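A short write-up of the structure that comes next.
Lettering follows sequence order; numbering is per chain, from 1. Just the heavy atoms: all of them, side chains too, but no hydrogens, waters or symmetry mates, feed the values below. In this text the structure is predicted, and so the values were computed from the model without any measurement.
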Amino acid sequence: MVKLAGPRRFRINVREVCIGCGESLFTNDYTRGENICTSCGLVSSDRIANRGPEWRAFTAEERDSRERTGAPMKLSIADKGLSTMIDWRNKDANGRALTTNTRATIYRMRKWHIRSRVQSSHHRNLGIAMSEMERLSSQLGIPREARETVALIYRKALAKRLVRGRSIDSVVAAAIYLACRIHRIPRRLDEIVTETRTNRKQISQAVRLVLSKVDVEVPLASAKDLIPRLSSDLGLEGRTVRRATEIVKQAKEGRITVGKDPGGIVGAALYIAGILEEDRRTQREIAKVSHVTEVTIRNRYKELVRSLGIIFENDF
DNA sequence: AAGACGAAAGTGGTTGA
DNA sequence: TCAACAACTTTCGTCTT
């Protein structure tokens with residue numbers, strides 16, 4: 001006894017609460033450009049953006065043929081995600097199993113397809129490099145955008161034949177290190193080294209090589225970028241962090257930071273801020289998280305206090 | 001006893017001849 | 001290629017809290 005409604009014109013979309021009846025039963029009628037409450041019938045807005053395509057399609061094939069975009073192009077995939085593949089399943093487009101004859105043909109095609117794809121050494125190199133890059137990046141927690149930068153740097157290095165005679169892993173590690181600096185992600189070279197099979201020396205050589213031969217804008221590791229990481233490791237309070245940020249900023253303006261280990265500067269700034277804000281940490285604790293020794297913290301601390309004229313009010 | 005301080009000697013990396 | 005050099009580390013004795 002249920003009477004079916006006519007052809008559905010609405011795309012049901014739960015939106016904000018209706019100002020008429022308080023229900024949250026809105027529906028968007030893109031064909032008319034209206035928002036209609038399905039509970040009380042209130043038309044709430046007569047100007048909504050239609051985010052769908054401007055064409056209409058009635059069948060799946062029509063939709064496929066009219067679609068003008070595909071998956072995004074990515075540098076971190078060896079072929080930029082643009083090549084085609086022959087599926088490994090022995091099924092045709094309708095999902096039916098192939099006959100023995102066709103299966104043999106497909107097998108041959110597949111073989112040559114794969115061979116032609118990795119035929120050039122350039123491509124093979126990229127394939128290996130990108131999988132190593134993915135492995136290392138996820139181990140180090142490198143975000144997506146930075147990985148694209150890594151891929152870009154590696155491609156440039158490869159194009160300039162810098163990978164010749166060097167291990168792929170070391171160049172990948174170097175690219176990751178540089179991409180981290182570009183994206184202002186604080187990662188020390190040693191952190192990267194521990195996750196690779198190559199040694200530190202090779203990686204730092206590769207870093208210097210890429211830096212000199214490939215045109216990439218790589219900012220110097222800045223003390224400021226390190227503050228969030230270290231202060232969260234130390235569990236410092238917001239006001240202490242702000243104070244430390246201010247100290248680092250002043251130190252930078254006073255030009256006493258050049259050539260110094262950022263870890264030491266931030267460590268000292270956090271130490272001072274801790275004393276000033278009575279959110280104190282010991283030099284040892286700070287030295288541990290900032291990967292410099294207590295002596296370095298002390299030296300920076302003395303310099304900062306002297307040149308910035310910091311006076312500890314709670315001293316007397 | 002833990003933390004801070006500072007001197008002295010040693011290390012790995014950069015710079016300039 | 002080598003020496004000079006600055007920054008940083010390790011080690012250790014001493015002072016302070």
Short side-chain N/O contact from A:Lys302 to OP1 or OP2 of B:dC5, under 4.0 Å:
no
Starting at CG of A:Asn199 and ending at C1' of B:dG12, how long is that distance when rounded to a whole Å?
15 Å
Protein-nucleotide distance (A:Arg208, atom CZ; B:dG13, atom C1'), rounded to Å
8 Å
Please state how far atom CD1 in A:Ile256 lies from atom P in C:dA6, giving the value in whole angstrom units.
18 Å
Respond yes when some side-chain nitrogen or oxygen of A:Arg298 is under 4.0 Å from OP1 or OP2 of B:dC5, and no when none is.
no
A:Val295 side chain: which of C:dT10, B:dA4, C:dC8 is closest?
C:dT10
Measuring from the side chain of A:Arg200 (C-beta onward, heavy atoms only), which nucleotide among C:dT10, B:dG3, B:dG13 has the closest atom?
B:dG13
When you group the ILVMFWY residues by side-chain heavy-atom contacts below 4.5 Å and let the links chain together, are A:Met130 and A:Leu140 in the same group?
yes
Taken to the nearest whole Å, CD/A:Glu303 to P/B:dC5 is 14 Å
Closest to the A:Arg284 side chain: B:dA4, B:dG3, C:dC8?
B:dG3
Closest approach of A:Met133 to A:Ala151 (non-hydrogen atoms, all atoms of both residues):
CE-CB, 4.3 Å
Do the side-chain N or O atoms of A:Arg300 get closer than 4.0 angstrom to the phosphate oxygens (OP1, OP2) of C:dA7?
no
Rounded distance (Å) that lies between atom P of B:dG3 and atom CZ of A:Arg281
13 Å
Yes or no on side chain to side chain donor-acceptor pair (under 3.5 Å) for A:Thr282 and A:Glu285, after CA distance, side-chain angles and deciding distance?
CA-CA 5 Å; A:Thr282 64; A:Glu285 286 176 293; 3.3 Å; yes
Scanning all shown strands, the Watson-Crick or wobble mate of C:dA6 with both distances under 3.5 Å is none
So which heavy atom on A:Gly267 is nearest to which on A:Ile297, and how close?
CA-CD1, 3.8 Å
Could you check which of C:dC8, B:dC5, B:dA4 has an atom nearest any side-chain atom of A:Tyr301?
B:dC5
In whole angstroms, how far is the P atom of C:dT14 from the CD atom of A:Glu294?
19 Å
What's the CZ-P distance between A:Arg306 and B:dG6, to the nearest Å?
12 Å
Which part of the nucleic acid, if any, lies within contact of A:Thr282, taking any heavy atom under 4.0 Å across all strands shown: a base, the sugar-phosphate backbone alone, or nothing?
sugar-phosphate
On a heavy-atom basis, the closest approach of A:Arg300 and A:Ala268 is CB-CB, 3.5 Å
From NE2 of A:His291 across to C1' of C:dA7 the rounded distance in Å is 18 Å
